[in-house]
Amino acid sequence: MSKVTAAITGVQGYLPETILTNHDLAKFVDTSDEWILTRTGISERRIMKDGASSDMAAEAVKGLLAKKGIDPLEIDLVIVATVTPDHPFPSTANIVCDKVGMTNAWGYDLIAACSGFIYALQTGAKFIESGTHKKVLVIGVDKMSSIIDYQDRTTCVIFGDGAGVVLLEPNNENLGVMDAILRSDGSGRKYLIQPAGGSANPATIETVENRDHYVKQEGKTVFKFAVTNMAEVSAEIMEKNNLTSEDVDWLVPHQANLRIIDATAERMGLSKDKVMINIQKYGNTTAGTLPLCLWDWEKQLKKGDNIILSAFGGGFTWGAVYLKWAYNS
Ligand code: UT7
């Protein structure tokens with residue numbers, strides 16, 4: 001009997017309409033289009049004016065189910081990777097299920113910052129491989145504008161809002177998620193953190209006045225760890241699966257900084273035409289970046305393509321997933 005693997009059988013994204021350009025940002029913080037573009041590769045990002053993470057996720061899910069002709073009642077499980085849940089509880093997954101009418105599904109949220117989507121993808125794959133679940137939605141969504149300090153030029157230029165979702169289904173052709181290497185190092189937590197609002201530092205007037213509910217990042221330190229670890233883990237998953245640079249069809253890198261993406265592709269020996277890059281138009285949407293890339297490139301992907309997804313983020317968390325694409329669009 002052939003082994004059951006978990007294949008991505010559909011992908012969809014959602015981006016809010018409002019565009020915040022580098023020029024817009026330069027009107028209220030001391031920055032420039034030139035600085036942002038050369039240091040990060042970002043030109044503009046999307047901002048959700050009204051609504052929550054669940055609204056973006058629900059729109060992406062509705063689009064996916066309509067495209068695939070699937071009834072919401074067929075979905076078994078919904079995993080939402082996010083650092084910007086609607087509330088600490090109930091989970092955003094609960095809310096998305098309600099908004100879409102997925103009343104037969106159970107679901108939960110998963111926090112792994114920018115690595116959230118690969119953590120959730122690997123988790124969702126296990127439910128399919130075990131044979132207990134037939135249709136699993138893995139969502140990466142963040143409304144970063146809700147936790148970004150638009151007075152802090154070192155962070156506000158980087159992040160944007162967006163959502164992406166993939167459908168996982170059983171596959172008997174050895175396509176889908178082949179392998180994953182996932183890592184974490186909590187000693188890096190101080191370098192990229194939302195300090196207040198959790199049990200360690202509940203909300204007080206002081207935490208609000210200190211702007212401690214916003215993302216704080218020591219950019220240079222995070223950059224150094226990200227460059228090294230994202231490149232290393234991507235090379236490691238290739239070696240572990242006997243993949244040469246010729247064998248890899250696509251790198252789907254977390255979109256945090258173009259320089260980190262370039263370093264990862266170089267370490268893997270990949271030419272630029274094999275690397276998905278949309279950071280210029282969406283910025284860093286945290287858990288949203290990887291499914292949004294897959295959505296943007298879906299029509300170019302072919303059945304059997306070897307794809308490496310790779311990410312690094314707060315925690316620290318990082319890792320890579322090797323998957324074989326399961327369909328032609
Ligand atoms: O996705 C989660 C993981 N996060 C990441 O991977 C982010 C990793 N870090 C980075 O991408 C980069 O470190 C940043 C884009 C955040 C910053 O770029 P950098 O090249 O590391 O700049 P820097 O922090 O070394 O700052 C260089 C200079 C500083 O000025 P001085 O001290 O040299 O006078 C900063 O104050 O650039 C200044 N600066 C800015 N200038 C104009 C910092 N932010 C800005 C800005 N506009 N927005």
Side-chain angles (χ1 to χ4, degrees), residues 20-45 81-84 111-119 140-145 147-162 164 182-194 214-234 252-265 267 276-280 282-293 309-320:
L20 182 67
T21 67
N22 292 350
H23 295 289
D24 295 331
L25 281 163
K27 287 177 197 153
F28 54 88
V29 282
D30 183 13
T31 191
S32 66
D33 177 52
E34 203 256 333
W35 191 95
I36 302 170
L37 201 54
T38 51
R39 299 286 181 126
T40 69
I42 302 166
S43 286
E44 58 186 47
R45 69 286 296 139
T82 187
V83 292
T84 52
I111 301 176
C114 297
S115 308
F117 185 75
I118 53 173
Y119 272 45
V141 58
D142 271 301
K143 185 186 172 185
M144 293 307 290
S145 62
I147 56 168
I148 288 299
D149 184 352
Y150 285 94
Q151 292 179 15
D152 175 5
R153 68 174 184 176
T154 68
T155 51
C156 74
V157 302
I158 303 170
F159 293 98
D161 302 339
L182 299 170
R183 298 259 155 77
S184 76
D185 176 3
S187 69
R189 64 191 177 278
K190 55 184 174 291
Y191 302 116
L192 181 48
I193 189 167
Q194 184 185 358
Y214 291 125
V215 171
K216 309 283 180 196
Q217 174 172 242
E218 200 176 299
K220 247 192 169 77
T221 310
V222 177
F223 185 90
K224 275 188 214 151
F225 277 97
V227 159
T228 312
N229 288 309
M230 212 168 113
E232 277 306 312
V233 78
S234 307
V252 193
H254 172 52
Q255 312 280 308
N257 189 312
L258 194 52
R259 291 179 287 150
I260 300 171
I261 296 173
D262 287 345
T264 304
R267 176 77 176 76
M276 297 187 192
I277 298 170
N278 56 17
I279 191 171
Q280 70 284 358
Y282 308 143
N284 182 350
T285 55
T286 303
T289 61
L290 298 180
L292 281 170
C293 278
L309 287 81
S310 166
F312 183 91
F316 293 133
T317 56
W318 69 100

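What you are looking at is a predicted structure, and each value in this text was computed from that prediction instead of being measured. Both counts, for ligands and for their atoms, begin at 1 and track the order of listing. All heavy atoms count here, side chains included; hydrogens, waters and symmetry mates do not.
The shortest N or O to N or O distance between Ile158 and ligand 1 is not below 3.5 Å. Backbone and side-chain nitrogen or oxygen atoms of Ser32 are examined, and none is located within less than 3.5 angstrom of a nitrogen or oxygen of ligand 1.
Distance OH/Tyr282 to CD/Glu44: 9.5 Å, rounded to 0.5 Å. A distance of 13.0 Å separates CD in Gln151 from CD1 in Ile148, rounded to the nearest 0.5 Å. Taking OG1 from Thr154 and CG from Asp149, the interatomic distance works out to 8.5 Å, rounded to the nearest 0.5 Å.
In Ile260, the part holding a heavy atom less than 4.0 Å from any atom of ligand 1 is the side chain. Contact annotation for Ile36 and ligand 1: no heavy atom of the residue comes within less than 4.0 Å of the ligand. When heavy-atom distances to ligand 1 are checked against a 4.0 Å cut-off, Trp35 comes that close only through its side chain, counted from C-beta outward.
Residue nearest to atom 4 (N) of ligand 1, selected from Gln255, Lys220, Gln217, Met144: Gln217 (by heavy-atom distance). When Ala226, Cys114, Gly283, Gly219 are ranked by how near their heavy atoms come to atom 9 (N) of ligand 1, first place goes to Gly219. Comparing Thr40, Thr38, Val215 by heavy-atom distance to atom 15 (C) of ligand 1, the nearest is Thr40.
Applying the 4.0 Å criterion to heavy atoms of Phe223 picks out, from ligand 1, the atoms 8 (C), 9 (N), 10 (C), 11 (O), 13 (O). Residue-ligand proximity, Asn284 to ligand 1, at heavy-atom distances under 4.0 Å covers atoms 1 (O), 2 (C). Here is the list of ligand 1 atoms found below 4.0 Å of a heavy atom in Arg39: 19 (P), 20 (O), 22 (O), 27 (C). Heavy-atom contacts of His254 reach the following atoms of ligand 1: 1 (O) (cutoff under 4.0 Å). Ligand-side atoms of ligand 1 in range of Asp30: 42 (C), 47 (N), range being under 4.0 angstrom from any heavy atom. Ligand 1 places these atoms under 4.0 Å from at least one heavy atom of Ala256: 1 (O), 5 (C), 6 (O). For ligand 1, the atoms lying closer than 4.0 Å to a non-hydrogen atom of Asn257 are 10 (C), 11 (O), 12 (C), 15 (C). Atoms of ligand 1 lying under 4.0 Å from any heavy atom of Leu192, numbered from 1 in the order shown and given with element: 2 (C), 3 (C).
Residue contacts with ligand 1: Val29 is excluded, as none of its non-hydrogen atoms falls under 4.0 Å. Not a single heavy atom of Thr155 sits closer than 4.0 Å to an atom of ligand 1.
Taking the six-membered ring where tryptophan is involved, the planes of Tyr191 and Phe225 are essentially parallel, since the angle between them stays under 30° and well short of 60°.
Under 4.0 Å is where a charged nitrogen must lie from a carboxylate oxygen, and between Arg259 and Asp262 no such pair does.
With hydrogens left out, the protein atom closest to atom 48 (N) of ligand 1 is Arg153 O, 2.9 Å, a heavy atom. Considering only non-hydrogen protein atoms, atom 47 (N) of ligand 1 sits nearest to Thr31 OG1, 2.7 Å. What sits closest to atom 3 (C) of ligand 1 on the protein, heavy atoms only, is Val222 CG1, 3.7 Å.
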Practice item. Evaluate the criterion side-chain hydrogen bond (donor to acceptor under 3.5 Å, both in side chains) for residue pair Thr82 and Asp142; output intermediate values, then yes/no. Key: CA-CA 6 Å; Thr82 187; Asp142 271 301; 3.0 Å; yes

**Study point:** Verdict with reasoning, Phe316 to Val222, per side-chain contact (heavy atoms from CB on, under 4.5 Å)
**Key:** CA-CA 9 Å; Phe316 293 133; Val222 177; 4.1 Å; yes

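Each of Ile260, Thr264, Val227, Asn229 was compared with Phe312 under the side-chain contact (heavy atoms from CB on, under 4.5 Å) criterion, and only Asn229 meets it.
Here the shortest heavy-atom pairing between Met144 and Val215 reads CE-CG2, 4.3 Å.
The main-chain N or O of Leu37 is never found under 3.5 Å from a side-chain atom of Thr40 such that the two would form a donor-acceptor pair.
In this structure, atom 42 (C) of ligand 1 has protein heavy atoms in its sub-4.0 angstrom surroundings. Distances from atom 32 (O) of ligand 1 to the protein include no heavy-atom value under 4.0 Å. For atom 29 (C) of ligand 1, the protein comes within 4.0 Å by no heavy atom at all.
The environment of CD1 in Ile111 is sparse: at most 12 heavy-atom neighbours from other residues, nucleotides or ligands sit within 6.0 Å.
Side chains of Ser43 and Asn22: no donor on one and acceptor on the other come within 3.5 Å.
In this structure the side chain of Leu309 reaches within 4.5 angstrom of the side chain of Phe117, judged on heavy atoms. Taking 4.5 Å as the limit, some side-chain heavy atom of Ile158 sits within range of a side-chain heavy atom of Gln217.
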